[in-house]
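Since the structure comes first, as structure tokens, the remarks are kept for the end.
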Amino acid sequence: MASSRHNDQLKSYLKSHKSGAKSNGDSPVRYGSPKRTSNSPARMSPSSKGQRPVASPGQSAKDIKPRNVPVKSSNAKSLQPKNISRGYYRKPTMESMPEELLMKIFQHMSASELLTAACVCRQWLKLTADNLIWEKLFIQLTSKVKPDEQGQRLGTPLKGPPETKWKRECIHWCRKRRNHKITALLKKVSPYTFMPANTEKALQKLCIKWQLVMTESNKTEHIFQHSDVFCFPTTTTIRWYSLEPPPIKSLKHLSIFALSPIFFRKDGSADTANACQRSLLLQTQLNPSQHAIVECDDLVNLHVINQGLLLATWKDGGEIAFISLCVHNHMLVQRCCLGTSSKEYIPPSLKPKFDDVDTQYGLHHFSCVIELRNQRTVLWSQPFTNLHCEKEDIGDGFVHLIPVRPDVVTDHTFTNKKLTLPWKTDVFKGIVQNLCILDMTLLDEFKSPMWTVSNPVKVLSDEDAPLSYNYDGEPYVIKYEDDKGKVTIQLVTDGDTRYVVTGIMVDVSLATINSWFSTSY
């Protein structure tokens, strides 16, 4: 009750004072402000700046003088500068930075960072090639080199302007050390394949990357980095499936490069953002309509554009789904590091010397390694040695080698799984039936590779297969042919999960034999 009574009294008090102020006609006066009288001059409030003052009662308009208004004098000079250069107000940029300061910055950069900075403009290209900078880098990068070797290297200057001498010397020396590392990594030979055993290790140590370049008709390039890599005993598969390619009708050709770093740390590892040498591995015209569909499933059509190059297009729209490249490991590391951006590296020919004593020279002691696989796993693999062919058996322009004899059951072996080719993209995945990858390496009697194959092949139904009393499954056949010869593999299904390899025939053309061994069969 007391609180309600107190509220009522407070309301009535405020109401009476408010009504009294209105009845007197006086405006409420702020506390502490002087009361205006009729004789006081008119003033301008801070909020009425720029407005005309109002005259008070008994004052004429002529007597009103505005306050706080500066009076202009004829002798007063203007405070605004008239003749000031525009550069005075310009913000500092890299172009206006002194070259001495830029040189100080470049001296703290690594070799890879300098090569990247050289691509900015011509001024930076000239400054980053300074001999003082690269001489220090040369000493740092060649700190583990013997003094006599270093002096011997400096005694053979490279061609070029003297202003960039140390840059050329440094890059050339780092390439030489990298190539020496390749020789050391590939020295060990596998007794199974008779080829370098550490190809996968060499690719990892050298930090090789793979680049796909699609070029349109207007010369616009679209660059994609590889999605994954799988290494096998004799071959390597590189895949690109995270693609956003342009319309396939606008594409002119397709190129694949290997990126090999140039500079390495003291522990032998490459920098993460390293300057790389780009080596061309493959370049081909891109027109899937001219290449037949090898196989398909519910979503994609598969085309073999070039040897080892598999291109998949969507059935709905015909655009590119993914690209896969199968390359043989023979001289692969050298091809990745010793080529140029416009020309493939051609390995030197290691042909054996002619033997005029052996009447069967070039027809015996062949070795062969054959694999059937998909893009990730090996489904069947077998090495063969002591393959030969008699002169009387040469026919139709081919030397016939038979690794697996159809009439000898002990030669027959089983595959691990059914021959299929799984595929994937970022969103979809599937399995193409009756398709696999054939890897074949044929070596001469000196264990030098003379014919290498890595290519997708179809598994076809063999209607001409002879009647077999050993197996009840359906006969199939794999056929491959190029300019060096033909490969034929006979298969029989063993249930629904695997095949039996019942026969293999490798036909080498006489032109290949005569060219390799310098014979005249």
Side-chain angles (χ1 to χ4, degrees), residues 192-194 232-235 294-295 304 326 363-375 377-390 392-422 431-443 451-482 484-509:
Y192 176 78
T193 61
F194 308 105
F232 301 94
T234 59
T235 58
V294 178
E295 198 55 70
V304 178
C326 305
L363 299 179
H364 56 81
H365 289 92
F366 288 98
S367 301
C368 185
V369 181
I370 300 178
E371 291 181 351
L372 297 176
R373 62 176 179 87
N374 54 33
Q375 298 185 99
T377 57
V378 177
L379 305 175
W380 180 85
S381 179
Q382 191 74 30
F384 305 97
T385 58
N386 297 325
L387 301 177
H388 64 279
C389 177
E390 300 293 338
E392 296 78 14
D393 297 334
I394 298 176
D396 301 330
F398 291 95
V399 173
H400 303 291
L401 305 175
I402 306 177
V404 177
R405 294 163 291 183
D407 54 343
V408 180
V409 180
T410 55
D411 289 353
H412 303 172
T413 54
F414 294 86
T415 63
N416 298 332
K417 297 179 180 179
K418 198 172 182 181
L419 301 180
T420 58
L421 190 74
I431 299 177
V432 180
Q433 302 294 330
N434 298 326
L435 186 69
C436 66
I437 299 172
L438 169 65
D439 297 335
M440 195 272 295
T441 309
L442 183 66
L443 304 101
W451 184 20
T452 59
V453 175
S454 182
N455 200 68
V457 291
K458 293 180 66 175
V459 183
L460 303 171
S461 179
D462 190 4
E463 299 178 354
D464 300 330
L467 181 64
S468 175
Y469 297 98
N470 299 318
Y471 306 101
D472 297 332
E474 302 240 349
Y476 287 86
V477 64
I478 295 175
K479 294 183 179 181
Y480 173 81
E481 183 176 0
D482 61 16
K484 291 189 176 182
K486 299 184 294 185
V487 180
T488 304
I489 302 177
Q490 296 175 349
L491 307 165
V492 175
T493 56
D494 182 52
D496 297 333
T497 58
R498 61 179 184 174
Y499 293 90
V500 183
V501 180
T502 59
I504 297 178
M505 180 175 289
V506 178
D507 298 332
V508 188
S509 66

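From a predicted model like this one, the values you see are computed outputs, not experimental measurements. Residue numbers run from 1 in the order of the sequence given.
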Checking F194 against T385 for the side chain to side chain contact (heavy atoms under 4.5 Å, CB included) test, could you report, in this order, the C-alpha distance in whole Å, the side-chain angles of both residues, the deciding distance, and whether it holds?
CA-CA 11 Å; F194 308 105; T385 58; 4.3 Å; yes
Worked check of side chain to side chain contact (heavy atoms under 4.5 Å, CB included) between N470 and T502: CA-CA 10 Å; N470 299 318; T502 59; over 6 Å; no
Exercise. Take T235 and R373 through the side chain to side chain contact (heavy atoms under 4.5 Å, CB included) test and state the conclusion after the steps.
Key: CA-CA 10 Å; T235 58; R373 62 176 179 87; 3.1 Å; yes
*asked:* Determine whether C368 and I504 satisfy the following criterion, side chain to side chain contact (heavy atoms under 4.5 Å, CB included), listing intermediate values before the conclusion.
replied: CA-CA 11 Å; C368 185; I504 297 178; over 6 Å; no
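Side-chain contact check for I489 versus I370: some heavy-atom pair is nearer than 4.5 Å. Residues L467 and Y469 are in side-chain contact: their nearest non-hydrogen atoms beyond the backbone lie under 4.5 Å apart. Counting only heavy atoms from C-beta outward, the side chains of P233 and V369 never approach each other to under 4.5 Å. Between V404 and H412 the shortest side-chain heavy-atom distance falls below 4.5 Å. Taking the side chain as every heavy atom from C-beta outward, D494 and Y471 never approach each other to under 4.5 Å. For the pair Y192/S381, a side-chain contact is recorded, criterion being any heavy-atom separation below 4.5 Å from C-beta on. Here the side chains of V457 and V487 are not in contact, with every heavy-atom distance at 4.5 Å or above.
Considering all non-hydrogen atoms of both residues, L491 and Y499 come closest at CB-CD2, 4.1 Å. Looking at every heavy atom in both residues, T413 comes nearest to Q382 through CG2-OE1, 4.1 Å. The nearest pair of heavy atoms linking V459 to L435 is CG2-N, 4.3 Å. Contact detail for L387 and P403: the closest heavy-atom pair is CD2-CA, 3.9 Å.
Exactly one residue among F366, W451, Y480 makes a side chain to side chain contact (heavy atoms under 4.5 Å, CB included) with V506. That residue is W451. Between C326 and the options I437, V453, L438, a side chain to side chain contact (heavy atoms under 4.5 Å, CB included) holds for only I437.
Looking only at distances, a side-chain donor or acceptor of D482 sits under 3.5 Å from a matching main-chain atom of K484. For the pair H388 (side chain) and L363 (backbone), a donor-acceptor distance under 3.5 Å is absent. Side chain of Q375 to main chain of P422: a donor-acceptor pair is present (N/O by atom type, distance under 3.5 Å, no hydrogens or angles). A side-chain donor-acceptor contact under 3.5 Å links K458 to the backbone of V294.
Between the CD atom of Q433 and the CG atom of L421 there is a distance of 10.0 Å, given to the nearest 0.5 Å. Between the CE atom of M440 and the CD atom of E371 there is a distance of 12.0 Å, given to the nearest 0.5 Å. How far OG1 of T377 is from NZ of K417: 5.0 Å, rounded to the nearest 0.5 Å. The structure places CG of D393 at 10.5 Å from CG of L401, a figure rounded to the nearest 0.5 Å. A distance of 11.0 Å separates CG of N386 from NE2 of H364, quoted to the nearest 0.5 Å. Note that the CD atom of E295 and the OG1 atom of T420 stand 11.5 Å from one another [nearest 0.5 Å].
Shown here is E474, whose CD atom has no more than 12 heavy atoms of other residues, nucleotides or ligands within 6.0 Å. Enclosure of atom CG in D496 is not indicated, since only 12 or fewer non-hydrogen atoms of other residues, nucleotides or ligands lie within 6.0 angstrom.
For S454, the side chain to side chain donor-acceptor pair (under 3.5 Å) partners at least two apart in sequence or on another chain are D439.
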